[in-house]
Amino acid sequence: MTYVVAIALGVVAGVLAGLFGVGGGILFVPVLVALGLSQHEATGTSLLAIVPTVIAGTWTQQRYGNVRWRPAVLIGIVAAAAAQGGAFLAEALPERLLRRMFAVLLVLVAVQIAWRALRRE
């Protein structure tokens with residue numbers, strides 16, 4: 001991957017993270033796979049790449065008073081523990097199946113977001 005692509009991906013992910021609270025898995029994983037990483041490598045790389053985004057986004061949102069620390073810490077602790085099991089499961093699955101499961105997840109998230117957006121109008 002070239003530095004230009006990595007920087008562009010970082011800019012887009014940062015803007016999306018700040019704007020919508022997304023960017024990591026939704027953006028990084030498909031792009032990294034398209035750039036030649038395996039599904040497993042893209043997942044692991046994405047998890048590390050979102051750490052600076054999360055820190056910067058949380059810091060900024062905290063300044064606006066939008067962070068609720070107790071639920072965030074509770075969710076974070078549980079999610080971190082569960083991520084260990086998820087990583088173990090992902091490593092045990094064939095790459096093709098993992099990629100298909102990720103595609104289904106993206107479609108379900110898109111449908112849910114579209115459904116809620118249309119219902120509220």
Side-chain angles (χ1 to χ4, degrees):
M1 174 168 38
T2 68
Y3 289 112
V4 173
V5 173
I7 290 168
L9 182 57
V11 168
V12 171
V15 170
L16 290 176
L19 192 59
F20 301 120
V22 299
I26 290 175
L27 179 64
F28 286 156
V29 173
V31 171
L32 291 170
V33 168
L35 292 173
L37 271 66
S38 73
Q39 186 71 32
H40 293 97
E41 292 169 335
T43 300
T45 302
S46 171
L47 287 169
L48 179 57
I50 65 171
V51 171
T53 306
V54 168
I55 291 169
T58 301
W59 179 71
T60 302
Q61 289 292 344
Q62 173 58 31
R63 291 187 333 190
Y64 293 121
N66 294 331
V67 177
R68 300 296 172 250
W69 288 100
R70 283 188 179 167
V73 169
L74 178 62
I75 292 167
I77 290 170
V78 173
Q84 298 295 312
F88 179 78
L89 179 60
E91 205 49 41
L93 294 173
E95 182 176 349
R96 184 178 173 132
L97 175 60
L98 187 61
R99 187 175 296 178
R100 287 182 177 177
M101 290 171 63
F102 185 76
V104 169
L105 174 66
L106 289 179
V107 169
L108 290 174
V109 169
V111 167
Q112 187 242 1
I113 291 170
W115 175 259
R116 286 187 178 192
L118 293 172
R119 257 188 18 192
R120 291 185 183 178
E121 289 181 1

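Given the structure is predicted, the values throughout are model-derived calculations rather than measurements.
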Item to check | Side chain proximity check, E41 to L32, heavy atoms < 4.5 angstrom | outcome: no
Are [X] and [Y] connected in the hydrophobic side-chain network, where two residues link if heavy atoms are under 4.5 Å apart?
| X | Y | result |
| --- | --- | --- |
| L98 | L27 | no |
| F28 | V31 | yes |
| I26 | L47 | no |
| V12 | I50 | yes |

Next on the checklist: If I compare all heavy atoms of V29 with all of S46, which pair ends up nearest, and what's the gap?
Outcome noted: CG2-CB, 3.7 Å
Checklist entry - Is H40 reaching over with its side chain to a backbone N or O of E95, donor-acceptor style, under 3.5 angstrom? => result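 Here the side-chain-to-backbone pair does not exist.
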Checklist outcome for this item: One should read off an interatomic distance between L108 CG and I113 CD1, to the nearest 0.5 angstrom, of 11.0 Å
Next on the checklist: To the nearest 0.5 Å, what is the distance between CZ on R100 and CD on Q39?
Outcome noted: 12.0 Å
Next on the checklist: Please check if the number of heavy atoms outside R63 that lie under 6.0 Å from its CZ is greater than 12.
Outcome noted: yes
Checklist entry - With L97, which residues qualify under side chain to side chain contact (heavy atoms under 4.5 Å, CB included), at least two apart? => result L93, P94, M101
Checklist outcome for this item: Q62 meets the side chain to side chain contact (heavy atoms under 4.5 Å, CB included) criterion, sequence neighbours left out, with V67, W69
